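In what follows, a structure is listed as structure tokens, so that the remarks can point back to it.
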Amino acid sequence: MKSQPGMRTNEEAANSRVLVIDNDSSMVLWVRSVLQTEGYDVRTALSGEEALAVLRATPDVLVAISDIHMPGMDGISLLKSLGSLNGAASVPRFIFLTAYPEVDFAVQALRLGAVDFLVKPVRPQELLNAVRSAVERMDQNREAMKLTDQAAMLAQQAEALAAALSVWKHPQTESAAQSAEANRCNLTTVGLDRLRRPRQALEPLGELDDVAWDLLLELLRADKTAQRISVSALSISVPHISPTTALRRIRELVKAGHILRNPDPMDARRDFVMLASECRAALEHYLEQVAKELAAAVAPRT
């Protein structure tokens with residue numbers, strides 16, 4: 001029997017290894033029992049240090065569920081330490097489960113890559129939904145890697161564009177240093193022109209500023225990898241934009257009808273955002289135009 005979209009059978013869950021971390025042994029036992037009922041392969045740890053040792057010895061853990069306030073290495077410090085693991089595939093999706101929710105901890109956790117933030121006491125179904133979502137995100141990593149490969153291809157095209165500009169714009173008598181500097185300037189100018197030209201002609205999105213465009217493109221990236229993104233996560237998703245500015249621009253984009261804001265049925269305190277269909281189509285058209293511009297720029301001259 002085929003499972004419904006968004007649901008995982010017990011057989012599928014059996015291939016999903018989860019690590020539960022909490023210095024409260026009774027909480028560890030409860031979470032483990034909830035997950036094992038659904039067929040998950042559950043490992044446990046009673047401290048951040050023990051969890052890090054488990055992760056180093058068991059690289060196929062897909063999801064880690066951790067308390068924040070623990071003696072010694074707390075949950076935030078553990079999340080920071082995950083960078084010491086060998087290979088991106090070894091880093092699990094991280095869910096925080098805490099009895100003491102604090103905004104600063106939530107923001108820091110999301111910035112470090114945590115995918116969810118649950119408050120004790122948590123309902124079994126809410127916990128299972130969070131784990132299913134985290135496992136699905138791991139499954140979607142392959143699609144995200146494809147986007148990374150596309151970015152690498154665009155970088156190669158940019159290098160080719162720089163080389164073409166060097167031959168086309170500068171005589172052979174120029175010194176190597178002068179030519180290199182001119183190449184960088186010309187590449188920047190041409191690149192900005194080729195990226196902004198189709199954007200400015202795109203109604204009504206052409207009137208939006210760079211902050212709004214960065215947020216819309218981040219939503220498109222999430223849409224392409226089938227990821228749900230909350231308002232708070234989107235507000236800290238672009239490093240050079242302050243959360244306050246991002247939240248203000250998100251409200252403006254919702255009011256203009258470019259993005260939709262939907263409440264989380266499992267958590268009344270959280271809203272998810274997604275692109276409106278017309279906005280998504282416009283952005284996809286924009287990316288197609290950019291691809292054509294880049295292809296034309298690096299095409300050999302005849």
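Predicted model only: the values in this text are computed from it and were never measured.
Taking CG of Asp210 as the reference point, atom CG of Asp214 lies at 6.5 Å (rounded to 0.5 Å). Here OG of Ser16 is found 9.5 Å from CD of Glu136. Values are rounded to the nearest 0.5 Å.
Within the 4.5 Å cutoff, the side chain of Leu283 has heavy atoms near those of the Leu275 side chain. Contact annotation: the side chain of Thr245 approaches that of Ser242 to within less than 4.5 Å [non-hydrogen atoms, C-beta and beyond]. Within the 4.5 Å cutoff, side-chain heavy atoms of Leu78 are placed close to those of Phe94. Taking the side chain as every heavy atom from C-beta outward, Val63 and Leu19 never approach each other to under 4.5 Å. Between Leu46 and Asn23 there is no side-chain heavy-atom pair separated by less than 4.5 Å. Between Arg249 and Asp209 there is a side-chain heavy-atom pair separated by less than 4.5 Å. Using a 4.5 Å heavy-atom cutoff, the side chains of Ile65 and Phe96 are not in contact. Side-chain atoms of Leu215 and Val211, non-hydrogen and from C-beta on, do get closer than 4.5 Å to each other.
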Trace of the side chain to side chain contact (heavy atoms under 4.5 Å, CB included) decision for Asp271 with Asn262: CA-CA 5 Å; Asp271 286 354; Asn262 300 313; over 6 Å; no
Residues Ser235, Ser232; criterion side-chain hydrogen bond (donor to acceptor under 3.5 Å, both in side chains); working and verdict: CA-CA 5 Å; Ser235 69; Ser232 57; 5.8 Å; no
Salt bridge (charged side-chain N to carboxylate O under 4.0 Å, His left out) evaluation trace for Arg221 with Glu218: CA-CA 5 Å; Arg221 182 200 64 77; Glu218 181 64 19; 2.9 Å; yes
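With a 6.0 Å radius and a threshold of 12 heavy atoms from other residues, nucleotides or ligands, Glu284 has its CD atom above the threshold.
Between Lys255 and Glu252, none of the side-chain N atoms (NZ, or NE/NH1/NH2) sits under 4.0 Å from a carboxylate O, so this pair counts as no salt bridge. The pair Lys120-Asp22 counts as a salt bridge, with a side-chain nitrogen and a carboxylate oxygen less than 4.0 angstrom apart.
With Asp116 as reference, Arg270 is the one residue of Arg270, Arg93, Arg228 to meet the salt bridge (Lys or Arg N to Asp or Glu O under 4.0 Å) rule.
Following chains of ILVMFWY side-chain contacts shorter than 4.5 Å, one cannot reach Ile76 starting from Val119, and the two form parts of different hydrophobic clusters.
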